[in-house]
Visitor: 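I'd like to ask you about the structure that follows.
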Amino acid sequence: MPLERLVLRPPETGHKILIAESGLRVPDDPIIPLIEGDGIGPDVVRAARSAIDAAVASAFGGRRRIAWYPVPAGERAMFQYGDMLPEATLGAIREYVVGLKGPLTTPVSGGFRSLNVALRKTLDLYANVRPVYWIPGVPSPVTHPERLDIVIFREGTEDVYAGIEWEKGTAEARRMIEILDKEFHTRVRADSGIGVKPISETGSKRLVRKAIRYAIDNGRKSVTLVHKGNIMKYTEGAFRTWGYEVAKIEFRESTIPWDDVVKSHGGKIPDGKIVIKDVIADNMFQQLLLRPEEYDVLATTNLNGDYLSDAAAAQIGGLGVAAGGNIGDAHALFEPVHGSAPKYAEMDKVNPTAEMLAGVMMLEYLGWREAAVRLRSAVKSVVGSKVVTYDLARLMPGAKEVRTSAFARAVVDAMDGAGR
């Protein structure tokens, strides 16, 4: 069967988001590229889209609307066009600035490395931002999930995402082992695979800069630099050093290191100051369990942020209720954190909450906070009434189990009272 020729046509209505020095200039009818994704992607994206449209209509009374622009990526794109990430799709996101996507399939071994990674790196979406907060009523494995309310800024283009590897026994691996031995006097077992992970000053500073700006703009109290610098001095440790430098040089009027709070202010944070502190990565896991209320915004290297994001999400109910944003200097692509779950594809069964909360993040990024509040509040209201999909219903006594589409209708029906 011959492949189709990909021709993308933007919607006939709607206007482009413009990038200005002062930030984004968002029209009342922005064109938003939409990637349905693989597996359950079409189901959850369809549900989220209806809820997002209802939130915008409810908040702005028809004055604003989103012009959705479906663009292909993933397995369906490969089947139809012979390319899992067509250049036309990348071009559409570049041109229209802000997008929403469903989950894309990534194999554990073999094949392409990761479409999500490719999107982040190609579009330079260097900040993977994940708000983690509890929706009352969602079952949680911890006693007080309400104490966790953090935003993780995970570097999205370096570290293991820029990792270079050589397989055990290859000429390249043997050569690297030889160089390490002869030139750096470092012994590595001959049967080792070799990997290199780069962490740059540029990449680290821009990530921390975005985290601090977020904390300032959203009234957060602290930014914690998470690293493994006690072992890896010149990558993980350098991330910590560069983070403190950004705070000291660029945000002196707004931030204060925790050490200064202790030494000069008797442990009391001065009014109007955001505390900058750091925690070793492994310790951060127990801190989020034992003292979560002491942490607000986390800035992390790539791999540490990956672990922490999923572990934190587990405390508030799992990946089914966790959303994320991939954000660059201007461009942004919002998504659920969970995978594509192909065995549930087209069954109208799975939980669309994470995709809806990705929509909340997108609306906030557009500056449409009224709509974001209404959507988040409606989701909370429906979950609180125990109208949920199977994954939560089996854990909630007295719950009413509904399909994906029915959950979306319940959220839309709750919209009129949301945010008021």
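Throughout, numbering of the chain's residues begins at 1 and tracks the sequence.
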Visitor: Please lay out, stage by stage, how His15 and Val26 fare under the test side-chain contact (heavy atoms from CB on, under 4.5 Å).
Guide: CA-CA 9 Å; His15 294 84; Val26 180; over 6 Å; no
Visitor: Can you confirm whether His265 is buried at NE2, in the sense that more than 12 heavy atoms of other residues, nucleotides or ligands lie under 6.0 Å from that atom?
Guide: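 Buried by this count: over 12 neighbours within 6.0 Å.
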Visitor: Taking the six-membered ring of Phe60, is the NZ or CZ of Arg64 close enough (under 6.0 Å from the centre) and on axis enough (within 45°)?
Guide: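 Yes, a cation-pi geometry.
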Visitor: Main chain of Glu253, side chain of Lys273: is a donor-acceptor contact present, judged purely on distance under 3.5 Å?
Guide: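 Yes, because the side chain of Lys273 sits within donor-acceptor range (under 3.5 Å) of the backbone of Glu253.
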Visitor: Under 3.5 Å, is there a donor-acceptor pair between the side chain of Trp368 and the main chain of Ala372?
Guide: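 Checking the backbone N and O of Ala372 against the side chain of Trp368, no donor-acceptor pair under 3.5 Å is found.
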Visitor: Side chain of Asp83, backbone of Met78: donor and acceptor closer than 3.5 Å?
Guide: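 Looks like no, no N/O pair under 3.5 Å.
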Visitor: Does the plane of the ring in Tyr307 sit parallel, tilted or perpendicular to the ring in Phe285? Use 30° and 60° as the thresholds.
Guide: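 Rings of Tyr307 and Phe285: tilted, as their planes differ by 30° to 60°.
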Visitor: Can you pull out every side chain to side chain donor-acceptor pair (under 3.5 Å) where at least one residue sits in residues 311-322? Sequence neighbours excluded, please.
Guide: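 Qualifying pairs, neighbours excluded: none.
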Visitor: Should Arg94 and Glu87 be marked as a salt bridge (charged side-chain N to carboxylate O under 4.0 Å, His left out) after you check the CA-CA gap, both sets of side-chain angles, and the distance that decides it?
Guide: CA-CA 10 Å; Arg94 287 192 189 98; Glu87 183 56 41; 3.0 Å; yes
Visitor: For Arg25, I'd like to know if atom CZ has over 12 heavy atoms of other residues, nucleotides or ligands within 6.0 Å.
Guide: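 Count not over threshold, so no.
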Visitor: Flag yes if more than 12 heavy atoms outside Arg291 fall under 6.0 Å of its CZ atom; otherwise flag no.
Guide: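 Counting other residues, nucleotides and ligands, CZ of Arg291 stays at 12 neighbours or fewer.
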Visitor: Check whether the side chains of Asn304 and Thr301 place a donor and an acceptor atom closer than 3.5 Å, and report yes or no.
Guide: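 Asn304 vs Thr301: donor-acceptor pair found between side chains.
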Visitor: Rounded to the nearest 0.5 Å, what separates atom OG in Ser381 from atom CD1 in Ile135?
Guide: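 The CD1 atom of Ile135 is 11.5 Å from OG of Ser381, to the nearest 0.5 Å.
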Visitor: Excluding sequence neighbours, so at least two apart, what forms ring pair (Phe, Tyr, Trp, His ring centres under 6.0 Å) with Phe334?
Guide: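 Listed in chain order: Tyr365.
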Visitor: For Glu355 and Thr353, does a side-chain donor sit closer than 3.5 Å to a side-chain acceptor?
Guide: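 No, no side-chain donor-acceptor contact under 3.5 Å.
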Visitor: Is it true that a side-chain atom of Lys400 and a backbone atom of Ala393 form a donor plus acceptor pair closer than 3.5 Å?
Guide: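 Absent.
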Visitor: side-chain contact (heavy atoms from CB on, under 4.5 Å), that's the test. Do Val151 and Leu298 meet it? Break it down for me.
Guide: CA-CA 6 Å; Val151 182; Leu298 308 185; over 6 Å; no
Visitor: Enter the distance from Arg376:CZ to Leu363:CG here, rounded to the nearest 0.5 Å.
Guide: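 Between atom CZ of Arg376 and atom CG of Leu363 there are 9.5 Å.
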Visitor: Counting N and O atoms only, with roles assigned by atom type, does the side chain of Ser204 sit under 3.5 Å from a partner on the main chain of Phe239, one being a donor and the other an acceptor?
Guide: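 Flag not set: sc Ser204 to bb Phe239 has no pair under 3.5 Å.
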Visitor: If we ignore angles and hydrogens, is there a donor and acceptor under 3.5 Å between the side chains of Asp43 and Thr404?
Guide: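 No, no side-chain donor-acceptor contact under 3.5 Å.
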Visitor: Of all residues at least two apart in sequence or in a different chain, which pass the salt bridge (charged side-chain N to carboxylate O under 4.0 Å, His left out) check with Glu201?
Guide: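 Glu201: salt bridge (charged side-chain N to carboxylate O under 4.0 Å, His left out) contacts with Lys205.
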Visitor: Is the count of non-hydrogen atoms from other residues, nucleotides or ligands lying under 6.0 Å from Arg209 atom CZ greater than 12?
Guide: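 Atom CZ in Arg209 is packed in, count exceeds 12.
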Visitor: Does either side chain, that of Trp68 or that of Asp53, offer a donor lying less than 3.5 Å from an acceptor on the other one?
Guide: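 Present: a donor and an acceptor within the cut-off.
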Visitor: Which heavy atom of Gly229 sits nearest to which heavy atom of Ile280, and what is that distance?
Guide: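 In this case the closest contact between Gly229 and Ile280 is N-CD1, 4.5 Å.
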Visitor: Give, for atom NZ of Lys228 and atom NZ of Lys233, the distance between the pair rounded to the nearest 0.5 Å.
Guide: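 So the gap between those two atoms works out to 10.0 Å.
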Visitor: Main chain of Leu119, side chain of Thr122: is a donor-acceptor contact present, judged purely on distance under 3.5 Å?
Guide: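 Pair absent, no side-chain N/O of Thr122 close to backbone of Leu119.
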Visitor: Mind checking the CD-CE spacing from Glu335 to Met361? Nearest 0.5 Å is all I need.
Guide: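 Here the interatomic distance stands at 9.5 Å.
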Visitor: Verify the distance criterion only: is there a donor paired with an acceptor across the side chains of Arg120 and Thr157 at less than 3.5 Å?
Guide: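 No, no side-chain donor-acceptor contact under 3.5 Å.
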Visitor: Checking Gln287 against Tyr295: is there a side-chain donor and acceptor pair closer than 3.5 Å?
Guide: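 Their side chains do contain a donor-acceptor pair, which is all the 3.5 Å distance test asks for.
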Visitor: Have Lys101 and Asn326 got a donor and an acceptor in their side chains that come within less than 3.5 Å?
Guide: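 The criterion, which ignores hydrogens and geometry beyond distance, is not satisfied for Asn326 and Lys101.
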Visitor: Measure from NZ or CZ of Lys210 to the centre of the six-membered ring of Phe153, then state whether that distance is under 6.0 Å and the direction lies within 45° of the axis.
Guide: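 The answer is no, since Lys210 fails at least one limit relative to Phe153.
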Visitor: Check step by step if side-chain contact (heavy atoms from CB on, under 4.5 Å) holds for Thr389 and Glu401.
Guide: CA-CA 5 Å; Thr389 48; Glu401 181 178 332; over 6 Å; no
Visitor: Within the distance-only criterion (no hydrogens, no angle test), does the side chain of Asp38 pair as donor or acceptor with the backbone N or O of Glu75 below 3.5 angstrom?
Guide: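 It does hold such a pair.
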Visitor: Using ring pair (Phe, Tyr, Trp, His ring centres under 6.0 Å) as the criterion, list what pairs up with Tyr133, not counting sequence neighbours.
Guide: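 Residues passing ring pair (Phe, Tyr, Trp, His ring centres under 6.0 Å) with Tyr133: none at all.
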Visitor: Does any N or O in the side chain of Asn218 come within less than 3.5 Å of the main-chain N or O of Tyr214, such that one atom is a donor and the other an acceptor?
Guide: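 Judged by distance alone, yes, a pair lies under 3.5 Å.
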Visitor: Under the rule for side-chain hydrogen bond (donor to acceptor under 3.5 Å, both in side chains), what residues qualify as partners of Glu167, not counting sequence neighbours?
Guide: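 Partners of Glu167 by the side-chain hydrogen bond (donor to acceptor under 3.5 Å, both in side chains) criterion come out as none, since no residue qualifies.
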Visitor: Between Glu36 and Pro42 (side chain of the first, backbone of the second, donor and acceptor by atom type, cut-off under 3.5 Å), is there such a pair?
Guide: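 No, Glu36 side chain to Pro42 backbone: no donor-acceptor pair under 3.5 Å.
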Visitor: With sequence neighbours left out, write down each residue that passes side chain to side chain contact (heavy atoms under 4.5 Å, CB included) with Ser200, or none if nothing qualifies.
Guide: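 Ser200 satisfies side chain to side chain contact (heavy atoms under 4.5 Å, CB included) with Glu158, Thr202 once adjacent residues are dropped.
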